[in-house]
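First the proteins, then the strands, lettered A, B, ... as listed; each starts at 1. Reckoned from all heavy atoms, side chains included, excluding hydrogens, waters and symmetry mates.
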2 protein chains.
Amino acid sequence: MTTTSIFTPVQIGRAGEDIALQIEAAILEEKIPTGERLPSERELQAQFQCGRGVIREAIRALKQKGLVEIRKGAKGGAYIKHIEAANVGESLALFLKQKQIGPGYIAEFRESIDRVITILAIARADKVEKEALVTETSKLLQMLEGPEVDKETLARHDRELNIRLAKMSKNPIFEWVMEAIQLGYSSQDYALYDQPGYRRKTAENWHATACRIADNDPMKALNSIAAHYALLQRCIDEITEKPENDAESNETYA
Amino acid sequence: MTTTSIFTPVQIGRAGEDIALQIEAAILEEKIPTGERLPSERELQAQFQCGRGVIREAIRALKQKGLVEIRKGAKGGAYIKHIEAANVGESLALFLKQKQIGPGYIAEFRESIDRVITILAIARADKVEKEALVTETSKLLQMLEGPEVDKETLARHDRELNIRLAKMSKNPIFEWVMEAIQLGYSSQDYALYDQPGYRRKTAENWHATACRIADNDPMKALNSIAAHYALLQRCIDEITEKPENDAESNETYA
DNA sequence: CGGTTAGTTTGGTACTACCAATTTGACAAA
DNA sequence: TTTGTCAAATTGGTAGTACCAAACTAACCG
């Protein structure tokens, strides 16, 4: 009778969960197209026959999952949006942080991913992309020539190189994994750019890898990658041998 | 003893976000140890000087992130818990689902992960673990002998084998990635168990892989893995009989 | 001693009221 | 007509109250 009744009222416990699941399902089944918005909280409250707080909590859950973006004011509401890698990356970051996963494990994982990505990139990326990668690595080298070398800039450039390479694999999952790792736990990577000796070696290694990718030489490219992570591992070992930091301290909770 | 709270009241907009971040930070810095619980909603309401709804939404966000587990009743509340792979896996599943990632990409990613895991497992797992893996794959074969072959049971067993193998890599990240993939998008794997012809081949392949891992023969183990995914790819191709599977994905993720 | 029951704690829900941000549109001024 | 301004409507954000439901506690009764 009404076109607005794709949702059904709830009567049992955990209404909030149920509502969130219903809306989520509606979004994933594309009953509400991306870019459109959900009914307002007060409308949903009427449709679900529940309090507004429940609706708010449900929408909040969707927001946290990255399914919707919430805007205020007239014409505001919960707009369905594309999920970004950042959302999953954040979850991954939390996971790694709470599990106290050491940098060695991260490096090992990253190396394995990098190796596969490199092989795929050589096989699938076109000449333009490969040459662009070489150009970008050259820029990284040139940055080191300049007098003032900003560590943040170097790290950002390094991240962008990783993402660019991942895109060249033509498999979106690798691209996502790379973005998630970058977002989640790339801090130990910056360590490579802390010490001037490693800094240059790392940049040169990036350039060498890019050139070997452009030359369609997978074996040598893998050698470069291995060298990169050997460098990183050495760096990690040196850092973790340093004295204890102040990580554990005041536990003043009642 | 309401003297020194580790939380500070907020006055600007987005109080809910702010509170959630404060509590999350407190949890991650282990100011509240795992297993303990946050103050009750009403206490937090007093500490933060805000409405209870705000507190509820903040705690709800933490629950969605998997940081806390909420229990009702006296002695209830938000208990800090360990993040499980399921939380991240759910995010990944949403991501894959909304991005419409095809099974071919998933299979490719899984194969690359499987290869690395296998190498690591051969190098790091002890003899007991390897033999247990062989035993489990034998069970899978025996299942096929029986008359009633429940597809769900086979699939579950297959999942457990994957997780077991991932654990043997001794790198928790691979273990997590495997769990996430299993949770997120393992449905096309079941396709292998749909058709009787593939069913037996897959089980035999699992057994062969396990034996070669137990024999510490990485090259042959990798061959088995490759065979497994060749089988899977063939199955996928048969199912999606109209594949114009070239990269139409150039505009889906930007 | 053991089972039952009442009370307390705490999350779950409903409802109301008001604030803040944003869009829309009416209306006045140039 | 065009443009600037302001009021109204829409909608999320917050505060507060009240009550229900679940779960633990402890007193009470057999």
Side-chain angles (χ1 to χ4, degrees), chain A residues 4 7-24 27 32 35-81 253-254, chain B residues 1-2 5 7-24 27 32 35-81:
Chain A
T4 60
F7 301 128
T8 60
V10 292
Q11 62 278 14
I12 55 169
R14 270 77 180 185
E17 307 269 354
D18 201 63
I19 290 175
L21 288 177
Q22 278 193 51
I23 300 179
E24 182 181 323
I27 292 174
I32 308 167
E36 289 304 302
R37 61 166 210 183
L38 272 65
S40 73
E41 293 179 354
R42 291 167 178 86
E43 271 182 65
L44 287 173
Q45 175 183 5
Q47 284 191 27
F48 282 109
Q49 303 251 341
C50 65
R52 203 177 142 212
V54 176
I55 300 292
R56 284 190 58 78
E57 287 182 9
I59 292 181
R60 180 73 161 208
L62 298 179
K63 182 192 172 189
Q64 211 287 325
K65 288 184 181 181
L67 280 169
V68 299
E69 168 197 355
I70 297 174
R71 289 205 280 267
K72 283 173 70 175
K75 192 225 146 200
Y79 285 76
I80 283 85
K81 67 166 192 174
Y253 184 74
Chain B
M1 59 175 294
T2 61
S5 168
F7 302 130
T8 60
V10 290
Q11 62 278 13
I12 55 169
R14 267 76 178 184
E17 307 268 354
D18 201 64
I19 289 175
L21 288 178
Q22 279 193 50
I23 300 179
E24 182 181 324
I27 293 174
I32 309 167
E36 289 304 302
R37 61 167 209 182
L38 272 64
S40 73
E41 293 179 354
R42 290 167 179 86
E43 270 182 66
L44 287 172
Q45 175 184 6
Q47 286 191 27
F48 281 109
Q49 305 246 348
C50 65
R52 200 176 145 210
V54 177
I55 300 292
R56 284 189 58 79
E57 287 182 10
I59 292 180
R60 182 73 161 205
L62 298 179
K63 181 193 173 188
Q64 212 289 325
K65 288 185 181 180
L67 279 170
V68 300
E69 169 197 354
I70 297 175
R71 288 204 282 268
K72 285 172 67 176
K75 191 223 145 202
Y79 285 76
I80 283 85
K81 69 165 192 174

Legend entry - Distance, rounded to the nearest Å, where B/E17 contributes CD and D/dG13 contributes P: 8 Å

Inset, instruction - Kindly say whether B/G76 contributes a backbone atom to a donor-acceptor pair with the side chain of B/R37 at under 3.5 angstrom? - result: yes

Inset, instruction - Report which part of the nucleic acid B/G77 touches: base, sugar-phosphate, or nothing (heavy-atom distance under 4.0 Å, all strands). - result: sugar-phosphate

Legend entry - Selected nucleotide, minimal atom distance to B/E41 side chain, candidates D/dT11, C/dG11, D/dG13: C/dG11

Legend entry - B/A61 backbone acceptor or donor facing A/R60 side chain under 3.5 Å: no

Legend entry - Heavy-atom side-chain proximity of B/V54 to B/F48 below 4.5 angstrom: no

Contacts under 3.5 Å, N or O only, protein and nucleotides 18-27 of chain D:
{"unit_1": "D/dA22", "atom_1": "O4'", "unit_2": "B/K72", "atom_2": "NZ", "d": "3.1"}

Inset, instruction - Take the protein atom CD of B/E57 and the nucleotide atom P of C/dG12, then report the distance between them rounded to whole Å. - result: 13 Å

Name every donor-acceptor pair, under 3.5 Å, that has one atom in a side chain of residues 66-73 of chain B and the other anywhere in the protein, sequence neighbours excluded.
{"unit_1": "B/E69", "atom_1": "OE2", "unit_2": "B/R71", "atom_2": "NH1", "d": "3.4"}

Inset, instruction - Determine the contact category for A/R37: base if any of its heavy atoms lies under 4.0 Å from a base atom, sugar-phosphate if only primed atoms, P, OP1 or OP2 are that close, otherwise nothing. - result: sugar-phosphate

Inset, instruction - Working to the nearest 0.5 Å, report the span between CD of A/Q45 and CD1 of A/I19. - result: 10.0 Å

Legend entry - Atom-pair distance (CD1 on B/I19; C1' on D/dT14), nearest Å: 10 Å

